[in-house]
2 protein chains.
Amino acid sequence: MELDARKLGILKAIIDEYIMSASPVGSRAISKHEEFNLSSATIRNEMADLEELGYLEQPHTSAGRVPSDKAYRLYVDRMMQRAALSDDEIKLIRAHMSAKLDEVESVMKQTAQALSAVTNYTAMVMPPMLAANRLRHIQLVPLREGRALVVIVTTTGFARDAIIRVPEEVRSGELERISRILTERFYDCRMDHIGDMIAKEMSGELYERRAFLCSVMEAVERKMEPDSPNVQLSGTNNMLHYPEYSDVNKAKTFLAAVEGRNMLYDMLKRASKLEFSITIGNENEDEMFKDCSIVTATYQVGEEPLGSFGIIGPTRMNYGKVISVLEYMRRSLSEVLSADQDED
Amino acid sequence: MELDARKLGILKAIIDEYIMSASPVGSRAISKHEEFNLSSATIRNEMADLEELGYLEQPHTSAGRVPSDKAYRLYVDRMMQRAALSDDEIKLIRAHMSAKLDEVESVMKQTAQALSAVTNYTAMVMPPMLAANRLRHIQLVPLREGRALVVIVTTTGFARDAIIRVPEEVRSGELERISRILTERFYDCRMDHIGDMIAKEMSGELYERRAFLCSVMEAVERKMEPDSPNVQLSGTNNMLHYPEYSDVNKAKTFLAAVEGRNMLYDMLKRASKLEFSITIGNENEDEMFKDCSIVTATYQVGEEPLGSFGIIGPTRMNYGKVISVLEYMRRSLSEVLSADQDED
DNA sequence: TGTTAGCACTCTATTTTGTCGAGTGCTAAC
DNA sequence: GTTAGCACTCGACAAAATAGAGTGCTAACA
């Protein structure tokens, strides 16, 4: 027995129906589709076949059929049609993306909010990994009590800061000098190479300050990698709208899994190697997300991918729409970031 | 009829019991308390009195009694005893507060997490309002295409940055000069006065750049006030553990109210005028929080209060413990911030 | 006068039972 | 290969039955 065109059509109809209704699809419902013009009995036979092939599942005898993960996979690979975004949806996204976006942080937040508002699923956005960015400026600002603030700015306009200790023998005025020298020497260097370079080049006029410089550089490197708490989440509650989570305990489990952010961060990081990625139900390594599908995309400035973002929803997800939204957002986000996030 | 010592004692016992169990308290349960040594019938009479006085409510005949908001108010004002923190709890807080806290953002996040982990309620933390801080350093960093990054550092070690437009006639080198002049002139000025001062003093060597300076100052001012999306939330899901929210719809309403953050921000801002504040049930202006109690505290560096943080939970909240935790946290947070957030 | 035992009553939560309907698989006929 | 027909299964829902917690009131007691 194989998957002929008719079976495929019926399967698609079932999936579309199930995505809409969330309740098992019976043979009668499908037999009403005019394009097939088949009786419910015939559909039943086909459904039995599809079940045997592993594309459908039955919660219990005398319930309708529910698509399996395998079916969704087939669906996204071969059957799904993209849903063009409506004007309203585009407006909604624009509205989010045009508000005072003068800081990376708020760009990430707004992106997450736009995504969750348009899709009604949970959105996650990973802040940019700056490893491939280039240094523009480094500034050491003296604070009281042997502390200083290191501020790093990349050519793409991202700023990071960290507080470090300053040994007593380094005078306040010297920090300005060191800032100048470091900026000059490492101007336009890739952020992730600076550590190595300083190790090799530790000589010349700054030789006697090398211990201090190490701690500066260590702070710089630490700040380049985003970490899990910085993943922006939005619309976690959206999940509560879906009947899949009408049970408080399921909802709790999901929210707990998501709140940690560690898993999400790992997933996003892994996904940042591909332009798009879709993992469905059991394809997710994580036990907690076996009932979910996760769709991600990467954003970039210029060539280099900076990070990724995505959507988590029930496997019964509106894949067509989600993908369209992510595609749109991917462009939109890359543009906003390229424009140096200045919009007011 | 008035509230004598015995009535007070019984009321306290009922509240304590109800905080534990979340289900209406019957006369028998209280009559078992040895310290009263009264029969359930007597307790019943007293309970009827307490109900008449407005301290107790009855969900329906033949259910036990439930404390009213008025009762909780009395409880926190006159009857409650603080719960000392256990060693484990202190350890838990310490663990959160000692991890790489080299950025204000992460201090806020860790604080929120510690609070929600220890109390099992929802925690919110407002980032510092820098209005009363003093300027330490201001740096304009040129980026490409007529943009620059303004970085501001306060004497207390907080940094903020914003991207601004730079008019063509302002050369890259001049930004360095302007940075120096601004830093010199406004060194140690209160952040919220800088706007006014520049308006008055706009003369001398920077006269011909005044339009540009205005936009710099506007960016500075904008960054001083935290805004609602910056309120850190943690443990929103904790609420789902409580029977009050076993109904998904209630949970949804709560989570939606909280996700917006606007209300929380307003509340925290208002609360930042008092060291501590407790609002119970109906005392909350907001309709959404009529079933909740909100306890907040402020934190500071030196004299000036910088912001506030707090806990949201059901009115049936363990007030004694929450207040102890907030008190501990208030000290702890102020210390961490005073120490310039450097801990590794 | 305050306290208490006793009792009838109320109301909810839970369990049990019955009914309805959607959906199935199978068979036989077209 | 398709379809009508039919017996069967199972969950959802409603109605009825039961149990139990708690009350208010009354009358008696110290």
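Chain A is the first sequence line, chain B the second, and so forth, proteins listed ahead of strands; every chain is numbered from 1. Both backbone and side-chain heavy atoms feed into the values below; hydrogens, waters and symmetry mates do not.
For A:Asp291, there are no salt bridge (Lys or Arg N to Asp or Glu O under 4.0 Å) partners two or more places apart in sequence or in a different chain.
Between the CG atom of A:Asn37 and the P atom of D:dG1 there is a distance of 18 Å, given to the nearest Å. Rounded to whole Å, the distance from CG on B:Leu56 to C1' on D:dG24 is 16 Å. Rounded to whole Å, the distance from CD on A:Glu46 to C1' on C:dT24 is 16 Å. Distance, B:Arg44 CZ to D:dG22 P: 10 Å, rounded to whole Å. Rounded to whole angstrom, the span from the CZ atom of B:Phe36 across to the P atom of C:dG2 amounts to 19 Å. B:Glu17 places its CD atom 10 Å from the P atom of D:dG22, with the value rounded to the nearest Å. Between the CZ atom of B:Arg28 and the C1' atom of C:dT4 there is a distance of 14 Å, given to the nearest Å. Spacing between atom CD of B:Gln58 and atom P of D:dA21 amounts to 17 Å, rounded to whole angstrom units.
Comparing A:Arg65 and B:Leu38 against DNA chain C, the residue whose closest nucleotide sits nearer the 5' end is B:Leu38. Along DNA chain D, the nucleotide closest to B:Asn45 and the one closest to B:Pro24 are compared, and the more 5′ of them pairs with B:Pro24. Take the nearest nucleotide of DNA chain C for B:Arg6 and for A:Met47: the residue whose nucleotide is more 5' is B:Arg6.
At a cut-off of 3.5 angstrom, counting only N and O atoms as typed in the model, there is a donor on one side and an acceptor on the other between the side-chain of A:Ser62 and the base of D:dT9. The base of D:dT2 is not paired with the side chain of A:Thr42 by any donor and acceptor separated by under 3.5 Å.
In the set D:dT23, C:dC11, D:dG11, the nucleotide with an atom closest to the side chain of B:His60 is C:dC11.
Within the shown strands, D:dT2 is the pairing partner of C:dA29 under the Watson-Crick or G-U definition, both distances less than 3.5 Å. Judged by Watson-Crick or G-U wobble contacts below 3.5 Å, the nucleotide C:dG2 has D:dC29 as its partner.
Here B:Ser40 lies out of heavy-atom contact (under 4.0 Å) with every strand. When heavy atoms are screened at a 4.0 angstrom cut-off, A:Thr61 is found touching the sugar-phosphate backbone but no base atom.
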(message) Between B:Ser31 and B:Ser40, is the side-chain hydrogen bond (donor to acceptor under 3.5 Å, both in side chains) condition met? List the steps.
(response) CA-CA 5 Å; B:Ser31 77; B:Ser40 64; 5.0 Å; no
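Using a 4.0 Å cut-off between a side-chain N of Lys or Arg and a carboxylate O of Asp or Glu, B:Arg270 and B:Asp266 do not qualify as a salt bridge. A salt bridge links A:Lys12 to A:Asp16: at least one charged side-chain nitrogen sits closer than 4.0 Å to a carboxylate oxygen.
Put simply, the residue from A:Arg6, A:His33, A:Glu46 that forms a side chain to side chain contact (heavy atoms under 4.5 Å, CB included) with A:Leu38 is A:Arg6.
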